[in-house]
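Throughout, protein chains are lettered first and strands after them, A, B, ... in sequence-line order, and every chain is numbered starting at 1. Just so you know, these numbers come straight off a predicted model, no measurement behind them.
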Amino acid sequence: MAELTYRAAVARGIAQEMERDPNVVLLGEDVAAAGGVFKTTEGLLDRFGPKRVRDTPISEQAIIGAAMGAAMTGLRPVAELMFSDFFGVAWDMVANQIAKTRYMTDGQVALPLVIHTANGGGLRFGAQHSQAIENWAMAIPGLKVVAPSTPHDMVGLMAAAIRDPDPVIVCEAKSLLADKADVADGEIVEPLGKARVAREGTDATVVALASMVPRAVAAAERLAADGGPSLEVIDLRSLVPLDVDAVLRSVEKTTRLFTVEENPRLCGWGAEIVSIVAEEAIYALDGPVVRIATPHVPLAANPVLEDAQMPSAERIAATIRRTLETTD
Amino acid sequence: MAELTYRAAVARGIAQEMERDPNVVLLGEDVAAAGGVFKTTEGLLDRFGPKRVRDTPISEQAIIGAAMGAAMTGLRPVAELMFSDFFGVAWDMVANQIAKTRYMTDGQVALPLVIHTANGGGLRFGAQHSQAIENWAMAIPGLKVVAPSTPHDMVGLMAAAIRDPDPVIVCEAKSLLADKADVADGEIVEPLGKARVAREGTDATVVALASMVPRAVAAAERLAADGGPSLEVIDLRSLVPLDVDAVLRSVEKTTRLFTVEENPRLCGWGAEIVSIVAEEAIYALDGPVVRIATPHVPLAANPVLEDAQMPSAERIAATIRRTLETTD
Amino acid sequence: MTTIPVVPPPAPDGAATLDREVGLRLYRTMLECRMFEQRTHELFLAGLVRGTTHLGLGQEAVAAGFAGAMRTDDWTFCTYRGHNHTLARGVPMTPVLLELVGKQGALMGGKGGSMHLTSVEHGAMGSYAIVGAHLPIAVGAAWSAQYRGTEQVAVCFFGDGTTNIGAFHEALNMAAVWKAPVVFVCENNQYMEYTPIRSVTAVERPAADRASAYGLEPLVVDGNDVEAVYEMANLVIDRARRGDGPSLVEALTYRQGGHSRADPGKYRPDEEVAAWLARDPIPTYRQRLLDAGMVGAELEAIETEVKALVAEAERVAREAPDPEPETATTQLWADGGSAWRS
Amino acid sequence: MTTIPVVPPPAPDGAATLDREVGLRLYRTMLECRMFEQRTHELFLAGLVRGTTHLGLGQEAVAAGFAGAMRTDDWTFCTYRGHNHTLARGVPMTPVLLELVGKQGALMGGKGGSMHLTSVEHGAMGSYAIVGAHLPIAVGAAWSAQYRGTEQVAVCFFGDGTTNIGAFHEALNMAAVWKAPVVFVCENNQYMEYTPIRSVTAVERPAADRASAYGLEPLVVDGNDVEAVYEMANLVIDRARRGDGPSLVEALTYRQGGHSRADPGKYRPDEEVAAWLARDPIPTYRQRLLDAGMVGAELEAIETEVKALVAEAERVAREAPDPEPETATTQLWADGGSAWRS
Ligand SMILES: Cc1ncc(C[n+]2csc(CCOP(=O)(O)OP(=O)(O)O)c2C)c(N)n1
Ligand SMILES: Cc1ncc(C[n+]2csc(CCOP(=O)(O)OP(=O)(O)O)c2C)c(N)n1
Ligand SMILES: [Mg+2]
Ligand SMILES: [Mg+2]
C-alpha cells in the first residue's frame, strides 16, 4: 500500500506490463528523456532503455501509424498522444486504419495496441488543448475506450488495455493528474467493461466518467449533507465495452437518471446511455432524464469562463435537486 | 420545373451561388477538369473558369486549411472532400481550427465556408469509403451540419450553406446521387435548421436523415399498405442547427419515437434526439424508444453483407411493427 | 542513377540478362497479374465482379520485380490498386477472385473487397485505400523487425499522387531517423485519379526530388523494365536488411486503363497512351527472353498454365454461394464478435 | 546564402548599417517584446498570469525583422509562442496582457488565452496551438490575396519541430504549385519541447534542407541579427508581392528559457545556453546602434518609453475585473450566440 498520484499511476501501469512482456514498447513525443510533458512516463526510459522507450518527431500520423504496423507484426506498442485534441491530426490512423483493419481482413490482422492520451479540461489550456474526446472514440466501431477516475483504476485499466488483444484508447483526465490515493502494491489488473458504484444511493442514478466522477460524488455528498435526495453514482470506467447492466440495475432501483459528461453536449456518451435506457428500461423511469454536460461550445482559456463551462459539483447538485423537486 | 438528379443538384446549388457572389470559389481533388469523381461539380470549370474552380493535389489538410485561410480573408470557399471518410486526414482543420477559431478570437475571425462531401454507404466501397460521419461533425461545437435527402433540398441547403456566415458541412448521400426528382426553376434557398415532415402519420414518429428518409417513408408506406401503424416521418435535413420543436411536436402527437440512422449505433445523432425527448417530453412517450441504425461495425464491401448492415425499409418496418405490437 | 525521360524511354531492348530461372519467374508473375486482371475486368463488365476495382494493368513489372527480390517473410504494404502486389506474393487467385465477386471462400470473407486485399500468411500485409496511411504503418512493421532482430524488410508501394500528402512526409522522416528497414516504392504512373501529377506537384519527380529532404539519395528506375526493377529491388532490400536504413525508389510506369472500373481514362492524350502501350512490360520482356535464347514453347507453356489458373478461379467463383448475412457482424474483435456491451 | 553554423556564429558585430529610423524601429520593437515578456513571466511567478505561456525570449529579432518589412495590410500567422509576433504587428500591450491575466478588456475576451492571440485589425491573423495547422491556413490567405489582386502577403512563423509534421509538407507543396504570396519562416530554436531537433530530424537543417522538395531555394539567416533578418524579409516579401511565389526561410535562433512557463529547460547543456545568451539579439544590436553613431540617450529614451508602456498595461491588468461568466457561451456563431437548436 502506497500513496500514488493519478499521474504516476499511468507510468506504473505501463511499467507493470513492460516488466511482464518484452514486446511492450512505448513511443511518443518527449516520452523518453523528458518522461512525458505530463510526467506520466517518468522513469520508464531509465528502467527499460531507449530501445523500448522512444522519443519521436512531431509526427502524430507516424507515431500512431508506426504503432499499428508494430502491433500487426508482433509488438504490443503503447503510443502516447500528448493531448487528446491531437487525434485531429491522426484521426485517419485511429478511426479508419486501426479501428477497421481487423474487421476488413476478417480477423487476419491482430492489433494489440494502446493509445494513451491526456484528455479534458480544467487546466486553462484553451480550446485546442482541453477537449474531452472520449465520445469521438466511442463513435468508431473497432475501438475500445477506457477513462479511469482513480489512481488504482489507472494502473489496472492501463494494464488491462495493454494486455487486451484489441486497440484500446486510454483517456487520462488532465484535471485528475495530481489526485492522490493509496494504491495496493503488486500487480493490478482491472477488467475492461466493468462499471463501479462510486457511491450507493436510492433516489436517482448519476452516471459519470473520469473527471466527472469525483464531482458527481461531491455533489451527492453535498445533497446528502443538507438532507437532499440520495444519489447513486456510477463510474462507467469503460465506454467500450459498456457495462449496460450496471446502469439498468441502478435505474431500476432509483427510477431516475442523470448523466454527467465533460464532453460538449451534442452526441456525448451520455446521449447513448439515455437512448439505451429509453429503449430497455423506459417504464422504470419516473421522470425526465437530464444530461449535465459542458455546453456545446469550445472551452475557454480564462479560468472564470472555463469553470462556468465544465460541470461543477455545485451545478450537478443544483440541477439534480431542481429536477427532482419539480418532477417528483 | 425540370427533372434533376441529386448529383446534379449539388452542382446547381454551387453554381447558383457562384453566379451570385464572385467571392465564392471551389477547390478539391479532380473537381475542375474532371467535374468531380462523383460528377457533383460537373460543368463548373467551364462556367466559372480555372481561377474560381481549382484542382488540388492529394492534400486534404491543405485543401481544408486553404479554405479556412481564404474564408478568414474575404472569400467564401467551397471545399470538396471527395469522401467524408477522409475527414480522418483533415480532422484537425475541421474540428480544432475551423470550428473553434471564431469562438477563440471572440468573434474577430469570420469563417463563411462550406465543406461538401460524399457521405455514407450502399455503393460497395467498403469500410474506408462508406462511412456516415454526420455525427462526427455534430459532436463538434462550431460546425453546422446539413444532410439533404432530395434534389430540391440539395440545391436549397447548399445555397443556404454557402450564404451562411459560419462553417457548414454539407453531407451528400452517395446512395442518393442517382435519385431524380422535379425541381423548380430559378433560385432556391432553404433555411438551415428546419425539419420537414416527409410523411404525416398518427401512431409513431420516425426521425430520419438523408439516405434514411426514403427508406423510412417506404417502410411507412409498406406498413400502411398492410394495415399496420401510421408513421409520421420527419426529415431532419439539418443536425446543427437542430429543429427540436418539429420532433417534439410530432412526438406529442404520436406518443412514440423511433430514429433511423445510417451511422453505426454508438453516439449517433439519434441518441442525441432521444436524450432531448427524454428530457423535454418524456411524459409524452407511451413506450420504448428504439433506434434503428447500422450495427456498430465497419461497413463491408460485399453487397450481401452491406445490405444486411444498413437499415432497409424492410428492417425499419419490421422493427417498428414488432415494437409497437409488443409494447402497446 | 537514371533520370526521368520527358518522353517515355524506348522500350527496353537487348536480350534478357538475368539467370533464366529468375527471368522465367518474373515473366510468370507478370503474366499472372495481367491475365487475372484482364479477366477480372471482363467479369466486371459481365456483372460478376460487383464492387469497385482499380487495375494495375501496365504496372506489373514493378510488382513482379520487387516481389521477386523479397524474402518470403518480408512484408508488402500496398494500395487499393493492389491486385498485382497481392498475387505477386503468392496469394492464390481463387480466394482473391472470390473476394472480388463477393462469394463464400473469399480472402477476407467479403468484408474488405478489392481495395483491401490482405493475406498475412503470404506477407501481403494489406491494401490501404486512404492515400498515404500505409507509409507510416510500414515504418512500424520495419521498426518491429528491427526491434526483434528478424532482418525482415517492409516494402511499401504507393502512387505519385501520394507524395503530396502529409503521411508521406512523416513516414519518410521517421523511417530515416530510425534507420528502419523499409523500402518506399513510388509507382509514378503519371496520374492521380484524373489529374496529371505534374499539374499539382512542385517538383518534376514527385518522389525522387523529395529524397534529399530525408537524407536519402534519389533513385529512379524504369518501372516497365522488370529486370531493371528487380536489380533495383535487390539493391535497396539488401541495404535495408543489412541495417543501412530505408530507401525511396521512384518507378516510372503507366496505368494502361482508367483509375477505377468506371473510368475510361479519356483525359489522357492518345499519343501518350500509345507511347506507353508500345512499352508494355510483358510483350517487351517476352521478346527479350526469346532474344536470350529461351524457347517459345517454354513461354507458351507458362502462358497456358497461367490461363488455366485464371479459368479455375473463375469456375470456383461462378459456383460459389453468397456469404451468410450474419457474418457481417463477426471479426471486429479478437474474440470473433462485435459486441459493444460487456 | 548563409549556411548553418555548427556552433553558434559569433555575435553580430560591426556598426549597424540600416537607415537610422529603421534601426531604431527594429530596436524598439525588440525591446517591446522583451520587456513585455519579461514582465509577463514575473507576473506568472506572482500568480497574476493564470494560463500557460510560451515565451519567445531570445527570438525577438525574427519577429521584429519580419514585422518591420511587412505592409500594414499583410498578414501574420504564428504559433502559441506568439507574443512577439503579435506585439510586433502593433497590437497594444494592454489588451494582450489582459488576455494573459484573464480580465475584462482582454484581446479575445479571455476565450483564447496566451496560445491564441489574434488581432485581425492589425493583421495578426492568429496564434495556432496545434503544430502545423497554420501553414495551410496561411496558404489560403495568400490564395485569397492572389485571387483578389490585393498584393497582400501572408507571413507564417513556426518552429523547427514543425517541419516534421504532415501539414508542413502539404502547405509547402500547394503554395509552390499555386505560386501563392506566402513566406514561411522557420524559427529554428534548436528544440521541440524538450527534445533536440537534431535527434528526430533526418536532415541537418530542418527547413532549409527541405526547400528543394518544393522547388524552392534553401534560405538560412542568422535569426539573432535583426538587420540580417530585416534584409531577408524584404527580399522574400517583395518576391511574394511581385507574384514570384512563396519562400521558405530558416532563421537560426535560440529559446533563452524553457518551452513553456513550467519548464526550466534543464535538458540544455550549459555551454550551449551560455553561447547563445552571449549573442542575445537585443544588447548586441544596441551596441551596433551605438557603434553606428546613435546617442545612448536616444536609446535610453526608447527604453524608458517602453518600460512605461509595460507598467501601464500592468496597472490596467491589476485593476481590471474578471470577465462575466455568461460570456463563456457567446461568439460561437456569427450571430454572437451559440445556440445549437433553431
Ligand atoms: C486521403 C485520400 N484522399 C483522396 C483519396 C481518393 N483517391 C483514391 S486514389 C487517388 C489517386 C491516387 O493517386 P496515386 O497516389 O498516384 O496512385 P494511383 O491511383 O495512380 O495508383 C485518390 C485521389 C483517397 N483515397 N485518400
Ligand atoms: C500536432 C501537435 N503535436 C504536438 C503538440 C505539442 N507541442 C506543442 S509545442 C511543441 C514543440 C514545437 O516545437 P517547434 O515547432 O520547434 O516550436 P517551438 O516550440 O520551438 O517554438 C509540441 C510538440 C502540438 N501542439 N501539436
Ligand atoms: Mg498515380
Ligand atoms: Mg523549436
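- Using a 4.5 Å cut-off between non-hydrogen atoms, the part of residues 121-128 of chain A that approaches chain B consists of A:Ala127, A:Gln128.
- In this structure, no portion of A:Val94 lies under 4.5 Å from any heavy atom of chain B.
- Only the side chain of A:Met104 comes within contact range of chain B, with at least one heavy atom under 4.5 Å from a heavy atom of that chain.
- Only the side chain of B:Gln131 comes within less than 4.5 Å of a heavy atom in chain A; its backbone stays farther off.
- When each of A:Ile273, A:Asn96, A:Leu242 is scored by its heavy-atom pairs under 4.5 Å with chain B, the top score falls to A:Asn96.
- Classified by interplanar angle (parallel below 30°, tilted 30° to 60°, perpendicular above 60°), the ring pair B:Trp91/B:Phe87 is perpendicular.
- Looking at A:Leu266, both its backbone and its side chain come within 4.5 Å of chain B, counting heavy atoms on both sides.
- Neither the backbone nor the side chain of A:Leu257 comes within contact range of chain B, judged by heavy atoms closer than 4.5 Å.
- Contacts with chain B (heavy atom to heavy atom, under 4.5 Å) involve these residues of residues 299-308 of chain A, listed by number: A:Leu299, A:Ala300.
- Interface remark: B:Ile140 contributes backbone and side-chain atoms alike to the contact with chain A (heavy atom separation under 4.5 Å).
- The greatest number of non-hydrogen atom pairs below 4.5 Å with chain A, out of B:Asn263, B:Val289, B:Val290, is found for B:Val289.
- A side-chain N or O of B:Thr205 and one of B:Ser250 form a donor-acceptor pair less than 3.5 Å apart.
- Proximity to chain A (any heavy atom under 4.5 Å) is shown, for B:Ile276, by both the backbone and the side chain.
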